[in-house]
Amino acid sequence: MAGTTGGVAVWTIGADLDWTAETPAGRVGEALTFEDGSIEGFIDHHLFAAGEAKAAARSGEAPEDIGSSFADLGFVNVVDFLLGGYLEGPVDAIIAVRDMVLMVLQSLAGSGLVGDDVQERSDAKAGVASAAPTGTIAGLSGQAVGREVVVAAYEDVRYNQLVVGASTGAVTAGAAVGINTLHNTTVAYVDTDAVIRATDAFCVDSRLTQTQKLKVITGTLGFFGSLGGAVVGLTDTGGSYADIGVGAQIISLGDVQVAADTINTTDMLAVNAGTSMGAVNGTVAWVEDSGETAAAIASNAEITAGGDLIVSAGSYSARTADAYAPSVGAFLGLGAVWVELTDARSTSAMVRSDAAIWEADTVMIQASHTPYLAAYAGGAGTGAAAVGAAVGRANVVGVVEAGLDKGVQVARLEGSTVDNLFIRAQLQVASGKDVSAEVVTDSAAASPLIAGSGSDAVTLVAPRISAYVAGDADVQTRDNVDVAAVSYAGARAISRGLNIAGLSAGLAFSEAILQPRVEAFVGYGTTISAGKDMTIAARHNTDAAGRFLDYLQAYAKSAAATVSLAAGGTGADADADASAIVEAYVADTGAVLKAGEVLTVQAASGNKAYAEADGQAYSTGLGVGAVFADALTSGRTTAYVDAVQVQAGAFGIEAKTQDHTEALTKSGAGGIAAGSGSIATAVAATDTIAYTGNSMNAIIDGDFDITAEHQAQATADALGAIAGGATVGVSSAVARIRPLVRANLGMYNNITADNLAITALTKPGGESYGGDVRYQHYGILRCGRERARR
């Protein structure tokens, strides 16, 4: 007898299903079309070769190569190499068993399911609390007059999906697939050339809330052979938009607010379990968020507010996925999991080119994004030949920006005033969290003969955060101007593996990459005049005073252990890279800055990288272990003012960096012949530079300070233990601090100031012992009644 089962749920909300959308498994159409054989592709590409972490290149600033991992080489190939080619036979058997999935594909392509002892269920429920599930739109055109004018669009989508399959038989195959595409858009707008007058307040408000719970569960029970697959995916391109149209005129005696918000929550579970004489189980899960949240005043619009003007875009995205693939076989057991979560959302608050803000108390342009990605992958296999593999990826690579575009005017009409201008773009961590993204992977294999396991976790946090006043803008305030780009971010990757067999090999890799690009700037030809203070600041993982927030970090930890009778090998590698690019600057042509009191251009960055690797290999025969940990900070912190004119009571250009790197390795091996290597490297090398360009003219009533300051701590510890008849061991720990720290005044500057100070500061010191070298340095708003209720 043979048993097959398949459950498929394909759901789309907001638009037709995009059959060409790219997913980690290929295009959606390919994933559901029998002729393309894409479920074979799932197993071949994702479960064996494990693909590539393509989301790393999604950001222009992200590195193309985010590090070496067994996923890039193909897990089976690595284990096969370590075991001297002994996997060739089992791999052929896996490929042969894989062909049974064609029966599942036939059943999915046909009108019903075939086979013996089949059970399946596929269920999806979607509740949409909105007028139109394909888009919720509120707009105002022409002319309107009222006490309080509110244009609001709210959409709440709650989405639940369950796909369940189970199959039994002498030879059985089962698959459960849930693929979801969301295109929800919520739009509130004022149309082109509209004229609005409000005697109290005016508000354009858009809000999209989405909650998804997705579960795909399948099991196979066969006597001779079983093959199971679980696939769950979510692609979200939806967004929330609030917009005042081109050429519109808004006159309000109270506040004017333009607000867009998006809240996304996803809880995903994928389980695929199987048992047989030969069992192969694979699970694939992914989330792809490439939506947008945007609030904008369009080109040539004119705003007059008796109260505050607030343009605000806020997005919150919490995506979690847990995936499991346990496989129990008498002769062959293979369980493999791939999980990938990507947040590439764009969040922006803008005043577009040539718009005019004639009157307001405080003008606030703010964009904030709060991502939280959490992925768990667990793969395990038992059998005469056993393989367990787990691959996890979490990538935050979107954009957060707030600013005034080219030619915007603020309070430049005769007799008009604006008290303050605040522009802020911010990346935040979720409440109660200390990371933006985290991945945990577990792999295990147990066999009386041969076993191999691989666990690979990679987290990449590399968004771009930008706050600016673009070229040719003309801004005047009675009090303060504050342009700030702020990043609070962390990345965590944990990888664990365990092997127990006669002949075994285990690998655990983890890589945490924290590389945001944070920039605050004033563009060419811009004129800004502030009655009091003016600040242009870019900060990463520091508070407003520039103090290091050391709980936000790149954290990587790998642990692998093997226990064997004949021979066993283990490898653990942990890499943590906290290398932010942080820049605050005034561009190089024709800008004019005037501050009645203090003008500050400041870049501050706090970078912490922690890497820990632990590898243990014990055998009655040969035991070999290799362990590596690398902690690195190698970014750049830069503050500069180029060929501009400056007038202020006091003037400061400051670049400040705090680096903290720590690498720890533990290696153990035992056997008749044993060898181990334990290598830890910690490097603190963030360049810190403050300067002026050529031909700057400055008249400063008080002090003019240019300061570059770097503080760092680097620690490396390598521990190794070996026991056996013939042993070889190597332990090496290296810690280095090697940044460029520079402060300078450019050529042809014309400076008038009471005091001029140019300071470059670093505080090295350290100690060395036992081959371990250490260096240590010490040294969203709502509108109208909604706002009142809250």
Side-chain angles (χ1 to χ4, degrees), residues 13-15 128-157 182-198 200-210 237-252 254-264 291-303 305 307-316 345-352 355 357 364-369 402 780-790:
I13 293 182
V128 181
S130 63
T134 59
T136 303
I137 302 171
L140 191 158
S141 302
Q143 298 186 15
V145 178
R147 183 182 67 83
E148 182 179 86
V149 179
V150 177
V151 182
Y154 301 141
E155 184 170 340
D156 189 349
V157 179
L182 303 182
H183 297 284
N184 295 289
T185 48
T186 305
V187 181
Y189 71 95
V190 172
D191 211 347
T192 299
D193 297 324
V195 178
I196 311 297
R197 289 177 171 83
D200 187 356
F202 174 76
C203 181
V204 179
D205 193 17
S206 174
R207 187 192 315 156
L208 173 63
T209 303
Q210 298 184 118
T237 60
S240 177
Y241 304 87
D243 183 70
I244 292 179
V246 173
Q249 297 181 40
I250 309 298
I251 301 171
S252 173
D255 293 345
V256 174
Q257 298 184 52
V258 182
D261 293 292
T262 305
I263 300 172
N264 289 310
E292 183 177 8
T293 305
I297 296 174
S299 300
N300 297 302
E302 299 181 22
I303 309 296
D308 296 335
L309 168 61
I310 299 168
V311 181
S312 175
S315 55
Y316 172 85
R345 178 163 289 273
S346 172
T347 306
S348 63
M350 310 295 299
V351 178
R352 298 297 185 186
I357 301 169
M364 181 177 293
I365 315 298
Q366 60 181 14
S368 66
H369 180 44
I780 300 241
L781 298 171
R782 284 280 153 230
C783 57
R785 302 183 189 88
E786 178 77 11
R787 181 181 178 187
R789 285 197 296 270
R790 286 171 177 253

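Keep in mind that this is a model prediction, so the values were computed, not measured.
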If you compare all heavy atoms of [X] against all heavy atoms of [Y], which two are closest, and at what distance to 0.1 Å?
X      : Y      : answer
Thr347 : His369 : OG1-CB, 3.9 Å
Ser348 : Ala313 : O-CB, 3.1 Å
Ala152 : Ala138 : O-CB, 3.2 Å
Ala260 : Ala242 : CB-N, 3.9 Å
Gly245 : Ala298 : C-CB, 3.5 Å
Ala295 : Ser312 : CB-O, 3.4 Å

(message) Under the side chain to side chain donor-acceptor pair (under 3.5 Å) test against Tyr154, which residue among Thr186, Asp205, Thr136 passes?
(response)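 In the set Thr186, Asp205, Thr136, the residue that makes a side chain to side chain donor-acceptor pair (under 3.5 Å) with Tyr154 is Asp205.
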
Nearest-0.5 Å distance, [atom1] of residue [X] to [atom2] of residue [Y]:
X      : Y      : atom1 : atom2 : answer
Leu309 : Met364 : CG    : CE    : 10.5 Å
Ser315 : Leu208 : OG    : CG    : 11.0 Å
Arg352 : Asn300 : CZ    : CG    : 13.0 Å
Ile303 : Ile244 : CD1   : CD1   : 4.0 Å
Ser252 : Asp308 : OG    : CG    : 10.5 Å

Please table the atom pairs, donor to acceptor, closer than 3.5 Å between any side-chain atom in residues 187-197 and protein atoms at least two apart or in another chain.
from: Asp191; atom 1: OD2; to: Ser141; atom 2: OG; distance (Å): 2.9

(request) For side-chain contact (heavy atoms from CB on, under 4.5 Å), just list the numbers for Ile250 and Ile297, CA-CA rounded to whole Å, side-chain angles, deciding distance to a tenth of an Å, and then say yes or no. (result) CA-CA 10 Å; Ile250 309 298; Ile297 296 174; over 6 Å; no

(message) Do the side chains of Arg207 and Asp261 get close enough for a salt bridge, i.e. N-O under 4.0 angstrom?
(response)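 Judged by the 4.0 Å cut-off on N to carboxylate O distance, Arg207 and Asp261 do not form a salt bridge.
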
(request) Using the test side-chain hydrogen bond (donor to acceptor under 3.5 Å, both in side chains), find all partners of Tyr316 that sit at least two apart in sequence or belong to another chain. (result)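 For Tyr316, no residue satisfies side-chain hydrogen bond (donor to acceptor under 3.5 Å, both in side chains) once neighbours in sequence are set aside.
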
(message) Could you work out, with side-chain hydrogen bond (donor to acceptor under 3.5 Å, both in side chains) as the rule, every residue matching Thr293, not counting sequence neighbours?
(response)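 So Thr293 forms a side-chain hydrogen bond (donor to acceptor under 3.5 Å, both in side chains) with Thr262, Arg345.
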
(request) Determine whether the side chains of Ser206 and Ser240 contain a donor N or O and an acceptor N or O closer than 3.5 Å. (result)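 Distance-only check passes for Ser206 and Ser240.
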
(request) Report yes if some heavy atom in the side chain of Leu140 is under 4.5 Å from a heavy atom in the side chain of Val149; otherwise report no. (result)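 A side-chain contact exists here, since the closest heavy-atom pair is under 4.5 Å.
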
(request) For a side chain to side chain contact (heavy atoms under 4.5 Å, CB included) with Gln210, tell me which candidate from Ile263, Asn184, Asp156 qualifies. (result)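 Only one option passes, and that is Asn184.
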
